[in-house]
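Structure first, then comments.
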Amino acid sequence: LVAGSASGLGASIITHPFDVIKTRMQVQLLQPDNVHCDGVICTLRNLVLTEGYQGLFTGLIPRAIKAVPSCAIVLMSYEAIKRLLGERG
């Protein structure tokens, strides 16, 4: 349970900035009056200039609240099923 929670939190922290950049790139297409970037580097540069590095972690807490318990449940279920099938086979 603890290992699953830790893995969920770690994965959320590591991958969240990439999701923020991806979302910003998608939203840019819907806003014709904003500055458009043609790639990841330009989007990252604009994000850091306007919001600072903390902008890369906007929305991390709700994501972690979702990911931590779900990863814990998945790993716990996997281990239980593996143990159950190992006893039979």
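These values consider heavy atoms only, across backbone and side chains, with no hydrogens, waters or symmetry-generated copies.
For the pair H16 (side chain) and A11 (backbone), a donor-acceptor distance under 3.5 Å is absent.
Residues that satisfy the side chain to side chain donor-acceptor pair (under 3.5 Å) test with S77, not counting sequence neighbours, are absent from this structure. Among residues two or more places apart in sequence or in another chain, the side chain to side chain donor-acceptor pair (under 3.5 Å) test is passed with T43 by Q28.
The shortest heavy-atom contact between P69 and K66 is CD-O, 3.7 Å. The shortest non-hydrogen separation linking G4 to L75 is CA-CD2, 3.7 Å. Scanning both residues, Q54 and E51, for their nearest heavy atoms gives NE2-O, 3.1 Å. Shortest non-hydrogen contact noted between G8 and A67 is O-CB, 4.1 Å. The nearest pair of heavy atoms linking C37 to N46 is SG-ND2, 2.8 Å.
Under a 4.5 Å side-chain heavy-atom cut-off, the cluster of Ile, Leu, Val, Met, Phe, Trp and Tyr residues that includes I61 is completed by I65. With side-chain heavy atoms closer than 4.5 Å counting as contact, directly or through intermediates, V2 stands alone and belongs to no larger hydrophobic cluster. As a member of the Ile/Leu/Val/Met/Phe/Trp/Tyr network built from side-chain separations under 4.5 Å, I41 groups with nothing else and remains a singleton. Cluster note: M25 groups with L9, I13, V20, I21, V40, L44, L47, V48, Y53, L56, F57, L60, V68 through ILVMFWY side-chain heavy atoms spaced under 4.5 Å, whether in direct contact or through intervening members.
For the residue pair T15/R63, the side-chain donor-acceptor check at 3.5 Å is satisfied.
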